[in-house]
Amino acid sequence: QLRVNVDSSAFAKTEARTQEIQRLIDLANKKKLILNADPGSVVAVRQRLQEINQQLERVAIGSRSFNILSAQAQAAERQLGLASRQTKNIAGDLLDLALPAAGTLGAILALGQALRFVADQAKLFDSAGAAVRTLGVDSEILAERLKAVSRETGGARSEIELLQAAYDVASSGFADAASASQILEASARGATGGFSDINTVANATTSVLNAYGLSADQASSLVDKFIQTQNDGKIVVAEYARQIGKVAQIAASAGVSIDELNAAIAVSTVAGVRPEAAITGLRQAIQAIIKPSAQAEELASRLGIGFSAQALKAKGLQGVLADVALKTKGSAALNLQLFQSAEALTAIQPSLNDGLVKYNQLLRNQETASGVAKKAADEMAGTIEGATKRIQGSLSNFAVELSKLFTPATIKLLDGAAKGIEQIADNYQQVIQLAGGVEVLAGAVGKVLEPITRLTGFQQQLVQAVLGGAS
């Protein structure tokens with residue numbers, strides 16, 4: 001015969017817990033909660049309930065509370081199994097609905113994006129054309145020429161990008177379509193091979209063309225020289241193009257050729273002088289020769305150096321520097337007296353150090369630079385970045401050609417259609433969110449299982465207390 005020593009309050013708490021289980025089961029039956037139970041969690045709870053039932057069956061107690069507890073534990077086990085099966089069915093139905101909905105939504109979004117892309121490209125192309133027309137450029141003729149330029153680059157430079165850059169080119173005095181397209185074709189190669197953008201290179205090209213009084217058909221040769229300077233120095237075209245305007249005008253007026261300038265820039269930067277400092281220093285050096293100080297004139301006269309604006313025009317920069325290198329024997333102290341500033345000396349001294357050996361070599365490179373820009377551009381086109389730009393440019397060009405089939409009213413219609421489709425897509429996502437119903441209610445099962453789990457833990461403690469108190 002067993003004797004039970006259990007506090008009556010324990011039975012009251014157990015009954016309350018049992019009622020809580022029944023309430024949760026009723027809620028589940030009425031589908032007020034959709035259980036998204038992890039099958040593993042359901043199995044674990046079921047096993048724990050079975051273990052409790054086995055323990056209760058071994059304890060011969062006639063208490064009504066324990067009989068109810070055992071019965072409710074078994075009922076909870078059955079209801080959990082049913083809830084788990086119902087959850088799987090609901091989840092399957094929602095996912096069956098969600099998958100085709102997701103495909104339809106993707107198609108709607110893709111169509112909306114395509115229409116918006118075409119409309120956006122049409123607007124950009126139209127705006128760029130309008131801008132150059134304000135400068136007197138025939139935008140239709142120019143656009144046709146730039147289409148050929150874009151194809152020449154393999155799409156790496158889109159028609160829109162070229163047409164936008166044409167505004168600055170036209171502003172620089174090259175307003176006819178033929179000249180602008182020549183400059184932009186050369187600048188496109190220079191930008192690709194020189195790690196720059198087309199506007200920067202085009203601005204540098206027009207600055208040098210204007211400084212030296214050259215025509216647009218010299219643009220290709222100039223850009224070749226830009227790239228050659230990049231190859232010979234520690235400078236890229238992007239850096240060169242941003243700075244060359246500072247010295248081009250004074251150099252041209254003083255009789256210093258672009259080849260002489262570029263050779264000096266390359267030698268200086270190879271020696272470690274920053275590109276900006278090299279170009280600024282060259283400007284100061286040219287100024288020092290054009291207008292020497294009294295001390296410089298006296299030293300030049302004493303050493304027998306032609307150091308004046310007349311000498312510079314007659315001999316060029318190479319001739320003057322050769323004279324200086326020979327007579328000063330590369331002395332930095334003497335050269336500083338001639339060039340008057342540390343900035344000028346910093347830019348010039350690297351060329352003087354070896355008696356212009358390196359300078360003359362790089363000067364010859366400038367004279368034979370034809371074709372180097374195309375070679376550099378072709379090299380960059382073979383990279384992943386180059387391929388990506390060609391794809392982007394080709395897509396833009398296709399959109400522009402497509403937009404030409406439409407009237408302005410059609411463009412507005414396309415734009416409105418794109419916005420409408422995007423709104424449909426936004427609302428359509430509500431269908432997809434149905435599939436998230438299982439996820440949204442995933443926490444519900446935790447709320448149901450959590451009190452059951454706590455209750456089964458209490459049951460185990462109660463059973464241990466019963467067994468411990470039995471004799």
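Keep in mind that what you see is a predicted model, and the values were worked out from it rather than measured. In this chain, numbering begins with 1 at the start of the sequence shown.
Ion pair Lys147/Glu144 flagged as a salt bridge, since at least one NZ, NE, NH1 or NH2 atom sits closer than 4.0 Å to an Asp/Glu carboxylate oxygen.
Sparse packing is recorded around CD of Glu379, with 12 or fewer heavy atoms of other residues, nucleotides or ligands lying under 6.0 Å away. Dense packing is recorded around CD of Gln361, with more than 12 heavy atoms of other residues, nucleotides or ligands lying under 6.0 Å away. Counted within 6.0 Å of OH on Tyr212, heavy atoms from surrounding residues, nucleotides or ligands total more than 12; the atom is thus considered enclosed.
When every heavy atom of Ala376 is checked against every heavy atom of Ile227, the shortest pair comes out as CB-CG2, 4.1 Å. Listed here is the closest heavy atom pair of Leu336 and Ala342: CD1-N, 4.0 Å.
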Which pairs of donor and acceptor atoms, one on a side chain in residues 258-265, lie under 3.5 Å apart (sequence neighbours left out)?
from	atom 1	to	atom 2	distance (Å)
Asp259	OD1	Lys225	NZ	3.0
Asp259	OD2	Lys225	NZ	3.4
Glu260	OE1	Ser257	N	3.0
Glu260	OE1	Ser257	OG	3.4
Glu260	OE1	Leu317	N	3.4
Glu260	OE2	Leu317	N	3.0
Glu260	OE2	Gln318	N	2.9
Asn262	OD1	Tyr240	OH	2.6
Asn262	ND2	Ile258	O	3.3
Asn262	ND2	Gln366	OE1	3.0

Could you go through residues 177-196 and list every donor-acceptor pair under 3.5 Å that involves a side-chain atom there, pairing it with any protein atom two or more places apart or in another chain?
from	atom 1	to	atom 2	distance (Å)
Ser179	OG	Asp176	OD1	2.8
Ser179	OG	Asp176	OD2	2.9
Ser181	OG	Ala177	O	3.0
Ser181	OG	Ala178	O	2.9
Ser187	OG	Ile183	O	2.8
Arg189	NH2	Ser220	OG	3.0
Thr192	OG1	Arg157	NE	3.4
Thr192	OG1	Arg157	NH2	3.3
Thr192	OG1	Ala188	O	3.1

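Taking the side chain as every heavy atom from C-beta outward, Glu239 and Val236 approach each other to under 4.5 Å.
Partners of Asp378 by side chain to side chain donor-acceptor pair (under 3.5 Å), not counting sequence neighbours, listed by chain and number: Lys374. Under the side chain to side chain donor-acceptor pair (under 3.5 Å) criterion, Gln284 pairs with Ser341, not counting sequence neighbours. Phe339 pairs by the ring pair (Phe, Tyr, Trp, His ring centres under 6.0 Å) definition with Phe307, not counting sequence neighbours. Among residues two or more places apart in sequence or in another chain, the salt bridge (Lys or Arg N to Asp or Glu O under 4.0 Å) test is passed with Asp323 by Lys315, Lys327.
A donor-acceptor pair shorter than 3.5 Å cannot be found between the side chains of Glu401 and Asn397.
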